[in-house]
There are 2 protein chains.
Amino acid sequence: MKLLHHPDRKDIQLASVLYALSDPIRLYVVSEIRKHGEQACNSFKVPIAKSTLSHHARTLRESGVVHTRAQGTQRILSLREEDLNVRFPGVLDSIIEAYEAGEAAAFVEKSEG
Amino acid sequence: MKLLHHPDRKDIQLASVLYALSDPIRLYVVSEIRKHGEQACNSFKVPIAKSTLSHHARTLRESGVVHTRAQGTQRILSLREEDLNVRFPGVLDSIIEAYEAGEAAAFVEKSEG
DNA sequence: TCAATTGTTCGTAAGTAATCGAACTATTAA
DNA sequence: TTAATAGTTCGATTACTTACGAACAATTGA
């Protein structure tokens with residue numbers, strides 16, 4: 001596998017982060033990570049093909065929103081909260097809070113409490 | 001001219017707002033309005049065709065970020081700050097603050113202080 | 001070694017977005 | 001009425017996005 005590219009903190013662009021967060025699937029993934037901590041792609045219960053999820057994970061990674069590391073055959077995604085908070089204070093938190101307050105993903109079986 | 005459609009507050013979608021704000025031109029327009037108050041399209045010094053600016057204004061309006069009213073031949077854009085703050089507290093403020101703190105539009109002559 | 005699991009990459013298709021210029025509408029001013 | 005100003009809409013182009021399945025690669029477990 002080729003090395004996964006992550007932008008340096010200073011190279012994270014606000015517009016790119018907002019774009020990455022403007023998709024319902026990606027918003028859901030990010031909110032899940034923030035709620036439950038880092039996790040592998042296969043833990044996200046989304047109604048899309050795995051190749052499509054892989055694409056979304058890449059979009060999140062290349063925008064600087066998540067960090068991806070390999071663990072066995074899995075790719076563990078974690079939020080780059082510190083980088084985002086330093087660069088764009090309050091942006092990630094307010095977005096995720098707004099998401100959780102009212103925009104629960106329509107495609108998720110709401111059974112996780 | 002046909003009536004301009006604005007979504008009701010309750011129909012403003014987080015993902016759509018983030019998408020609207022994920023473009024450098026639109027981010028600039030929104031930050032200008034927030035800094036200097038409501039203003040007409042022709043006051044934005046952006047290096048794009050007027051038809052393109054019109055498209056961006058429409059994207060901002062239809063996502064619920066701005067309100068547009070006619071005044072003579074002009075279209076006055078204002079920020080829907082209250083609607084956005086009620087629906088997504090802190091989101092608009094933190095985004096614009098992050099933008100102004102470091103993401104000044106590269107296409108603008110930085111002569112306004 | 002063989003199979004299962006996890007994810008990536010590739011090829012493709014459909015849809016969407018940004019952009020321009022030209023033509024148009026509406027308003028204001030002369 | 002005519003001209004100027006401010007925007008919108010249309011048609012076309014180009015590029016990107018999302019999506020899928022198939023094929024591939026890497027790791028783990030039997």
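Below, chains carry the letters A, B, ... as their sequence lines are ordered, and counting in each starts from 1.
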Item to check | Glu38(A) side chain reached by His67(A) side chain, heavy atoms, under 4.5 Å | outcome: no
Checklist entry - Would you say Arg80(A) and Val66(A) make side-chain contact, with heavy atoms under 4.5 Å? => result no
Interatomic distance, [X] [atom1] vs [N] [atom2] [rounded to whole Å]:
X: His56(A); N: dT17(D); atom1: NE2; atom2: P; result: 12 Å
X: Arg61(A); N: dT8(C); atom1: CZ; atom2: C1'; result: 10 Å
X: Asp23(A); N: dT16(C); atom1: CG; atom2: P; result: 14 Å
X: Leu77(B); N: dG7(D); atom1: CG; atom2: C1'; result: 11 Å
X: Leu53(B); N: dA6(D); atom1: CG; atom2: P; result: 13 Å
X: Leu4(A); N: dT9(C); atom1: CG; atom2: C1'; result: 13 Å
X: Arg69(B); N: dA26(C); atom1: CZ; atom2: C1'; result: 17 Å
X: Lys50(B); N: dC24(C); atom1: NZ; atom2: P; result: 14 Å

[X] vs [N]: side-chain N/O to OP1/OP2 distance below 4.0 Å:
X: Tyr19(A); N: dA18(C); answer: no
X: Asn42(A); N: dT5(C); answer: no
X: Arg26(B); N: dA18(C); answer: yes
X: Thr52(B); N: dT19(C); answer: no
X: His55(B); N: dT9(D); answer: no
X: Ser51(A); N: dT8(C); answer: no
X: Arg58(A); N: dT9(C); answer: yes

Next on the checklist: Among dC20(D), dT6(C), dG21(C), which nucleotide has an atom closest to any side-chain atom of Ala49(A)?
Outcome noted: dC20(D)
Checklist entry - Between dT27(D), dA19(D), dT19(C), which nucleotide has the shortest distance from any of its atoms to the side chain of Thr73(A)? => result dT27(D)
Checklist entry - Just by distance, with hydrogens left out, do Arg26(B) and His56(B) show a side-chain donor and acceptor under 3.5 Å apart? => result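 His56(B) and Arg26(B) do have a side-chain donor-acceptor pair below 3.5 Å.
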Item to check | Residues Glu32(A) and Lys45(A) bridged, charged N to O under 4.0 Å | outcome: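 Not counted as a salt bridge, because no side-chain N and carboxylate O are separated by less than 4.0 Å.
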Next on the checklist: Determine whether a donor-acceptor pair (N or O, by modelled atom type, separation under 3.5 Å) exists between the side chain of Arg61(B) and the backbone of His5(B).
Outcome noted: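 Yes.
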Next on the checklist: Just to be sure I understand the rule, does Ala57(A) reach a base, reach only the sugar-phosphate, or reach nothing, if contact means heavy atoms closer than 4.0 Å?
Outcome noted: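 Result for Ala57(A) = nothing.
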Checklist entry - With sugar-phosphate meaning primed atoms plus P, OP1 and OP2, does Ile48(B) contact a base, only sugar-phosphate, or nothing at under 4.0 Å between heavy atoms? => result sugar-phosphate
